[in-house]
Each structure stands twice: as structure tokens, then as C-alpha cells.
Visitor: 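The structure's right below; bear with me while I get my questions together.
Note that the structure is a prediction, hence the values are computed from the model and not measured. We count ligands from 1, going down the list as the structure has it; atoms in each ligand are counted the same way.
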Amino acid sequence: MQASQLINSLKFKQVRPALTTDFDVTMLTQDTREVQPGAMFIAVVGYHVDGHDLVGQAIEKGAKIIVASKPLDVNVPVIYVENTERAMAILADVFYGAPSQKMRMIGVTGTNGKTTVTHLIEQIYRDQQQATGLIGTMYRKIKDEKLPTANTTPDSITTQRTLAAMRDAGVETVAMEVSSIALVLGRVWGIDYDIAVFTNLTQDHLDFHKTMAKYTEAKAMLFAQLGNKYNADGTNKVAVLNTDDPVGREFEQYTAAHVLTFGLKPDAMINAQNVEIKSHGTEFDLSVFGHVTHVTMQLIGQFNVYNMLAAFAAAYASGIPEDQIIKSLEKVTGVKGRFQSVPSHTGVSVIVDYSHTPDGLLNALETIQDFATKDIYCVVGCGGDRDKTKRPKMAKIAVEHSTKPIFTSDNPRTEDPTMILNDMVAGVPDANVPVYEDRHEAIAKAIEAAQPGDVVLIAGKGHEDYQIIGRTKHHFDDSEEAAKALALKPTID
Ligand SMILES: CC(=O)N[C@H]1[C@@H](OP(=O)(O)OP(=O)(O)OC[C@H]2O[C@@H](n3ccc(=O)[nH]c3=O)[C@H](O)[C@@H]2O)O[C@H](CO)[C@@H](O)[C@@H]1O[C@H](C)C(=O)N[C@@H](C)C(=O)N[C@H](CCC(=O)O)C(=O)O
Ligand SMILES: Nc1ncnc2c1ncn2[C@@H]1O[C@H](COP(=O)(O)OP(=O)(O)OP(=O)(O)O)[C@@H](O)[C@H]1O
Ligand SMILES: N[C@H](CCC[C@H](N)C(=O)O)C(=O)O
Ligand SMILES: [Mg+2]
């Protein structure tokens, strides 16, 4: 794309020196490590590095034009703007031809359930013979092709590039997790969402947002970003809100879009009644504006009824018939690392779950309490370089809702694992919980001790196939570790 076209897309800027001749911009990037000849390099002030300090390297590698918010002394044109993240979002949208306007965009936000709900949505639209895309914690997915991701919601350039690839591959509907951090950092500015879904709000990421009020405000932005446009042809924007959560009711005020509510309380437009949780699935009566259908789903737990309602409502909002949505949801067996059973012939049930927040852990344990008849082991740790105030709370929940809690490491990252464990123990000073810093050992001990009929929950890392210690990622997979430990036990029929 011509440099002048990109420059013109920014309304308020100064270009110094002014362009004398136009030229082709081959790529946009905010990362010197990716610069290719002809690139536009956008300098972003990060948490570790200031991109403005690296502009020299970008030019050496062939960047022909820079976007900056601080004075630079360089020999290529610089586009000066107030906020380079905002400029980056606008430029990325223009460079990639506004792909989000060509597809049905469904954004899912909330503390828990985003990955699950996006996968349920993907299944529903696939069953409608639609080509789908997905962006989230586990990967970016274009139809069946999975691409790695560094973030649940990637930076604006990566997101727009991914959306452009989806559009070019013929994708019609995209289900995308939208994290609160992404909303604050402007990673989704420019994305034209059609449907925005709110799952729930409980504590997480307070290291970043500092207060629950700020965290709530961040999530609210997704609904405000649905805009103010109404279409007469029925292709309207819809906010899908869990109104059992008081924050869901609050979000009605942030959006001008049509509102579709869901919950277990009968005042929600789409609600579930008579929920019955079993060890192999969940049944309930689904009411859609008063029309009731009995649903038997394979996902386990009340929290998954909420996830199912969220996905149902998103699909319903785009006009898919009720019975077809239910059919799709009834056949979903689960999402990797979300309340996932590890095959076992030992009489011991092992569940790997990505609960890494107090509410997530509470939901997982309460679900197990609903069907467990004997001991519940809970192997749990807390991530390093993340919200420290979660630690004592998660420890307390593990002690109060399992009979055999075991504390261990999650991803310690750059923190001392012993200190993280001390923060957990401080939440339950009198409980005398066994602590194994080595996660492999903690899982092995729990499974070795468990008797037939017991349930072992391994919480916190779900699908992750790594453990981050310091800055190094080691291979580590809770399901694999559990399978190895189960293989050492006697099998029973
Ligand atoms: C706190 C945070 O959000 N950090 C994000 C941020 O990294 P950073 O600020 O540390 O970047 P930096 O290393 O200081 O670099 C600053 C700038 O210099 C550039 N740079 C840097 C080094 C270099 O050699 N050359 C270079 O050009 C970088 O590309 C960047 O533009 O910008 C990066 C690029 O966009 C992100 O990948 C990174 O996310 C990290 C990996 C992260 O862990 N973020 C978490 C907190 C996060 O965003 N989580 C949410 C929620 C998760 C959920 O609930 O599911 C998510 O959406 O993932
Ligand atoms: N609707 C829900 N309400 C409460 N807890 C839930 C809900 N759905 C899932 N959980 C719990 O949270 C964990 C994470 O679920 P999921 O990965 O779907 O959420 P997420 O919002 O994508 O999380 P992340 O922010 O890490 O990406 C699950 O393993 C489960 O324990
Ligand atoms: N998206 C979450 C994932 C946490 C996963 C958990 N295993 C941890 O490392 O704390 C975060 O970045 O806070
Ligand atoms: Mg997720």
C-alpha cells in the first residue's frame, strides 16, 4: 500500500520531513525483529522496552517510515502522533482492508468462560456449513488451521493480519476472545464487532487493572464499541449479557445496541431451569422467550450451563434456528483443558481444569462436590508475575471445597516459587496443607494416594503444554503427568 494512503488514514499527525515521493509500504510492524525492507515501523512504549529506542535497528533492517510519539533524529520520514497504539490500530485496519467489516464478528469478554464459549460458537456455525475463524488463549484458528498466539487477544497488527487471512480464506464468522487487557491497550480498536458477549466478572488481573472498578470499566468498553448504528435490514448489533451477574445489568447502559440477556434467573430472555449436574453431563430446561426445550449436554457443571447459554444467545442473535443451535451444543464433548477427564481404569477420576482464578476454582470444585462421593484431591498453584491477591483466596477455596488440597507451582515465571507458595499458605495458616513445589511431584503424590471413588482435580494450567520457570518454557502437560501417574496404579474394571 502507498505510504500516502496510510498517512492520510491518520487524521491528526505531522509528517517530518514531508514525503517528496510516494512509495510502497510492504508491511507494518511494531517489532524490530520482524522488520523487512520497505516496512513501516511503529514505535510503542512497552512494559520492558521503549520501541523509540530501537528505531535505529528498524531502519538498519530496511524500515522506510516510522510512526512515533517522541522526537526522533533519523534519516527517514517520521509520522508523529499523540498515541502510537491508536495510530497502529487505525493503520492496521486500513493496511489490511478492514477485514472485520467483511465477516460476522463475535467478541466474547468476561473473567471466565471466554475460551469455552468461543469454541461452542465455532461449533454452532460450523454445523451451519459456515467457514469459521477463532482467536483466543489456545490459538488463532483459520478454518482447521491452527496458528500459535502470544496473547489471548493479540496486538492490533497481528489481529488485523489474522482477520485478513481469515477473510481471504472465505471465513464468514469469527469468534474471538477479548481480554480486558486488550481492551485497555487498544488491541481491538477498529474491529467492527456485530455481537458482543459478556460471560461474568470476578477477580483477576488486578496486577494490571488495580481495582475491580477499573477492571469492570475495561470489559464495558467492548459493549460501548458496538457503536450507535442501527440497520433496518435486521443485521443489527447485539449485546449478549449474563444478567445473573450484576455487572451484566450495568453493561446495558454502556451500549446502544440491541440487548439479549441470559442467565439462570427466569427474568433473563434466554434462561435455564431445573439444572441437573451429573458426573458425565448436565441437563436443564432451556427457555427462549418462554419457549421451553429440555437439553442434555455433555459439558459438566453449572458454569458450563452459563457458557452454553452465552453461545446459544450469540447464535440466536444472528438468526440460527433454536433447534439447530441446541443440536450443535448437545454434541460438544468439551474443550481441551476445561474440566477434561483423563482416561483412567483405576477407579480414580482425574480432571484437568484451567481454573486459575478464585471463581474458576470455586466453580470447578463445587461442580465436583455435586457428584463426588469420596475424597476430593485438589492440586493447585498460582501463576507468578500475575495478580498476587488471588493466591490466598484460591488457597482458601481449595481448603474449603476439597478434602485433600495439595499446593504446588503453576507458572512461577520470574518469581521465586517458594514465595508464591508462601502467599497461598498465608490464606490458610492453620490448614497444614502439603506443599510440593515441583508440580510433577504434586500430581504424582495426589494420584498415588487417591483411592477408587476419589476425584483428583488438577487446576490452573488446563491445555498448557509448558511450565514457565524464570523466562524459560519447559514442556509440561498436566494430562500427560496424570496419565503417567495413573499407569503406576492397579487397574480395576
Ligand atoms: C503486559 C502486556 O500486555 N505485555 C504485552 C506487551 O509487551 P511489553 O509491553 O512487555 O513489550 P516490550 O517487550 O516492552 O516491547 C515494547 C515494544 O518494543 C518492541 N520491541 C521489543 C523488543 C525488541 O527487540 N524489538 C522491538 O521492537 C515490541 O514489539 C513492542 O512494540 O506487548 C506485547 C506485544 O503486543 C504482548 O505480547 C505482551 O503481552 C505479554 C506476552 C503478556 O503476558 N500479556 C498478558 C498480561 C496479557 O496481555 N494477557 C491478556 C489476558 C489473558 C487472559 O485473560 O486470557 C491477553 O490478552 O493475553
Ligand atoms: N462461565 C464460567 N463461570 C465461571 N467459571 C468458569 C466459567 N467457564 C469456565 N470456568 C472456569 O474457568 C476456567 C477457564 O475457562 P475458559 O478457558 O473457558 O475461560 P477464559 O475466560 O477463556 O480464561 P482466560 O482468561 O484464561 O483465557 C475453566 O477451566 C473453568 O474452571
Ligand atoms: N490468561 C491468564 C492465564 C493464566 C494461566 C495460569 N496458568 C497462570 O500462569 O497464571 C493470564 O495470563 O493471567
Ligand atoms: Mg481464554
Visitor: Check T152, N151, T149 against T137 for a side chain to side chain donor-acceptor pair (under 3.5 Å) and give me the one that passes.
Guide: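 It is T152, the one option of T152, N151, T149 that forms the side chain to side chain donor-acceptor pair (under 3.5 Å) with T137.
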Visitor: Is the backbone N or O of R249 less than 3.5 Å from a side-chain atom of T243, with the two atoms forming a donor-acceptor pair by type?
Guide: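 It does not hold such a pair.
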Visitor: Looking at non-hydrogen atoms alone, which of D155, T32, T109 comes nearest to atom 25 (N) of ligand 1?
Guide: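 Minimum heavy-atom distance to atom 25 (N) of ligand 1 goes to T32.
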Visitor: Tell me whether R439 is salt-bridged to D478, with the criterion being a basic N under 4.0 Å from an acidic carboxylate O.
Guide: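 Between D478 and R439 there is a salt bridge, with a charged N closer than 4.0 Å to a carboxylate O.
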Visitor: Compile the protein residues with any heavy atom at a distance under 4.0 Å from an atom of ligand 2; present them by chain, then by number.
Guide: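 Heavy-atom contacts below 4.0 Å: T111, N112, G113, K114, T115, T116, T137, T152, E177, N200, F303, N307, R338, D353, Y354, S355, H356, D359, G360, N363.
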Visitor: So, T162 and R140: side-chain donor and acceptor under 3.5 Å apart, yes or no?
Guide: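 A donor-acceptor contact under 3.5 Å links the two side chains.
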Visitor: Quick one about Q203 and T357 (side-chain donor to acceptor, distance below 3.5 Å, no hydrogens or angles considered), yes or no?
Guide: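 There is no such pair (donor and acceptor under 3.5 Å, judged by atom type) between the side chains of T357 and Q203.
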Visitor: One residue to check: S179. Relative to ligand 1, which of side chain, backbone, both or neither has a non-hydrogen atom less than 4.0 Å away?
Guide: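 It is the side chain that gets close, since no backbone atom is under 4.0 Å.
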Visitor: Could you tell me whether the side chains of Q273 and S287 share a donor-acceptor contact shorter than 3.5 Å?
Guide: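 Q273 vs S287: no donor-acceptor pair found between side chains.
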Visitor: Heavy-atom distance under 4.5 Å between the side chains of I458 and E481, does that happen here?
Guide: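 I458 vs E481: side chains apart.
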Visitor: Tell me whether ligand 1 is touched by E177 - counting only heavy atoms on the residue side and a distance under 4.0 Å.
Guide: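 Heavy atoms of E177 never come under 4.0 Å of ligand 1.
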Visitor: If you take the centroid of each ring, where Trp contributes its six-membered ring, are H52 and Y80 closer together than 6.0 Å?
Guide: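 No: the rings miss the under 6.0 Å criterion.
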Visitor: What are the protein N/O/S atoms, named by residue and atom, that sit under 2.8 Å from the Mg ion (ligand 4)?
Guide: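 Sorted hits: T115 OG1, T137 OG1, E177 OE1.
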Visitor: So, does D93 use its side chain to make a donor-acceptor pair with the main chain of A89 at under 3.5 Å?
Guide: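 Not confirmed, D93 side chain does not pair with A89 backbone.
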Visitor: Considering the heavy atoms of I181, write down every atom of ligand 1 situated less than 4.0 Å from one of them.
Guide: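 The atoms of ligand 1 under 4.0 Å from a heavy atom of I181 are 46 (C), 47 (C), 48 (O), 49 (N), 50 (C).
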Visitor: Take every heavy atom of E34, measure it against each atom of ligand 1, and state whether any distance is under 4.0 Å.
Guide: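 No.
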Visitor: Taking atom types as modelled, find out whether D370 and Q302 have a side-chain donor-acceptor pair closer than 3.5 angstrom.
Guide: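 No, no side-chain donor-acceptor pair sits under 3.5 Å.
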Visitor: With heavy-atom distances below 4.0 Å as the criterion, list the atoms of ligand 1 near R386.
Guide: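 Per the distance check, 43 (O).
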